[in-house]
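Structure, as structure tokens:
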Amino acid sequence: MHEDEVTVDAPLVGRLIADRFPRWAGLPLRRLESSGTENAMFRLGADKVVRLPRHPRAVDAITHELRWLPRLAPGLPAASPEPLGQGEPGEDFPWPWSVYGWLDGSNPVPGALEEPGLLAQDLAAYVRALRRKDASAGPLGYRGVPLAARDPFVREALAQLAGRVDTAAVTAAWEEALRAPAYAGPPLWAHGDLMAGNLLVTGGRLSAVIDFGTVGVGDPAVDLISAWCVLPAEVRGAFRAAVGADDAEWARGRGWALSIAVIALPYYWETNPPVAENSRLAIGEILAETA
């Protein structure tokens, strides 16, 4: 998916485990199929998962997550990954990596949710709980910045999508989002990437949230993106009401969902079909809502 991506396979991970955590050497190890773009994942034994960055830009998120996740996880209404160990760079692998406890569940499938109404309420409760965490010493979120900071990247992606999507309609929706009033409240915590691939459900209910590499404080509107990239239109209003988003926040959240989808689509068009498909879905949902 990335020009600077490194090859990570089971023999390599087995060597890393044996060197850093010899007590786990010899446990069954298999790669997990995933549409994730930043990390390679390997199940280790019955109750562990190994997570390794796939390219240089994903490295900082490993240490960022390990620093902040233990402070945020307690009290959240869904499970979080439990760090079990941090691997060091070695001869075979140049970056830090990590081992977590295994979390049961499966990623929700947009368009085929088992309990969309209940999942909407669960997601809203999670967003509210995260926002209540003390943000006074939190780091600026990767996506906690003003939406306007995304404009050059959205314009560049739209130029690449000419002839493949309705760029006039997408541009109009994007410019509408940019006109929303800027966030004027105190910095609040946001996960920053509540996409389907970072959610686990059991029986249709939210059971866990994973991948805290983008967590931080700022404008929390980015945590509304699930409304368009995960949830169907018929429960979107209930999700909004449960979060308590006003018109300005809703518009910024929709802008974040649009910008993420538009930027991802040309980049992953060929290399990651599930991400490209979800991007097209989100764009379609937003255009239907703003038409």
By side-chain hydrogen bond (donor to acceptor under 3.5 Å, both in side chains), which residues pair with Trp269, not counting sequence neighbours?
none
Heavy-atom side-chain contact between Thr290 and Trp174 under 4.5 Å:
no
Any carboxylate oxygen within less than 4.0 angstrom of a Lys/Arg side-chain nitrogen, looking at Asp151 and Arg155?
yes
Working note: Trp95 + Phe93, criterion side chain to side chain contact (heavy atoms under 4.5 Å, CB included); need CA distance, chi angles, decisive distance, verdict.
CA-CA 6 Å; Trp95 305 313; Phe93 191 74; 3.8 Å; yes
Go through the steps to decide whether His64 and Arg67 satisfy the test side chain to side chain contact (heavy atoms under 4.5 Å, CB included), and finish with yes or no.
CA-CA 5 Å; His64 179 81; Arg67 178 182 180 186; 6.0 Å; no
Mind checking whether Leu265 and Arg280 have side chains closer than 4.5 Å, heavy atoms only?
yes
Does the side chain to side chain contact (heavy atoms under 4.5 Å, CB included) test come out yes or no for His191 and Asn198, once each step is laid out?
CA-CA 10 Å; His191 177 278; Asn198 291 329; 4.2 Å; yes
Interatomic distance, Ile260 atom CD1 to Arg150 atom CZ [nearest 0.5 angstrom]
5.5 Å
Is there a salt bridge (charged side-chain N to carboxylate O under 4.0 Å, His left out) between Arg131 and Glu249? Walk through the geometry before answering.
CA-CA 14 Å; Arg131 291 180 178 187; Glu249 182 182 7; 2.5 Å; yes
Can you label the angle between the Trp228 ring and the Trp250 ring as parallel, tilted or perpendicular, going by 30° and 60°?
tilted
More than 12 non-hydrogen atoms from neighbouring residues, nucleotides or ligands closer than 6.0 Å to OH on Tyr142, yes or no?
no
Looking at side-chain heavy atoms only, is the closest gap between Asn39 and Ile62 below 4.5 Å?
yes
Arg71/Asp134 under salt bridge (charged side-chain N to carboxylate O under 4.0 Å, His left out): CA gap, chis, key distance, verdict
CA-CA 10 Å; Arg71 308 185 193 194; Asp134 180 9; over 6 Å; no
Set out, in order, the CA-CA distance, both residues' side-chain angles and the distance that settles side chain to side chain contact (heavy atoms under 4.5 Å, CB included) for Leu130 and Val209, then state yes or no.
CA-CA 11 Å; Leu130 191 52; Val209 175; over 6 Å; no
Could you go through Asp223 and Arg128, starting from their C-alpha distance and side-chain angles, then the distance that decides it, and tell me whether this counts as salt bridge (charged side-chain N to carboxylate O under 4.0 Å, His left out)?
CA-CA 10 Å; Asp223 273 356; Arg128 292 197 313 269; over 6 Å; no
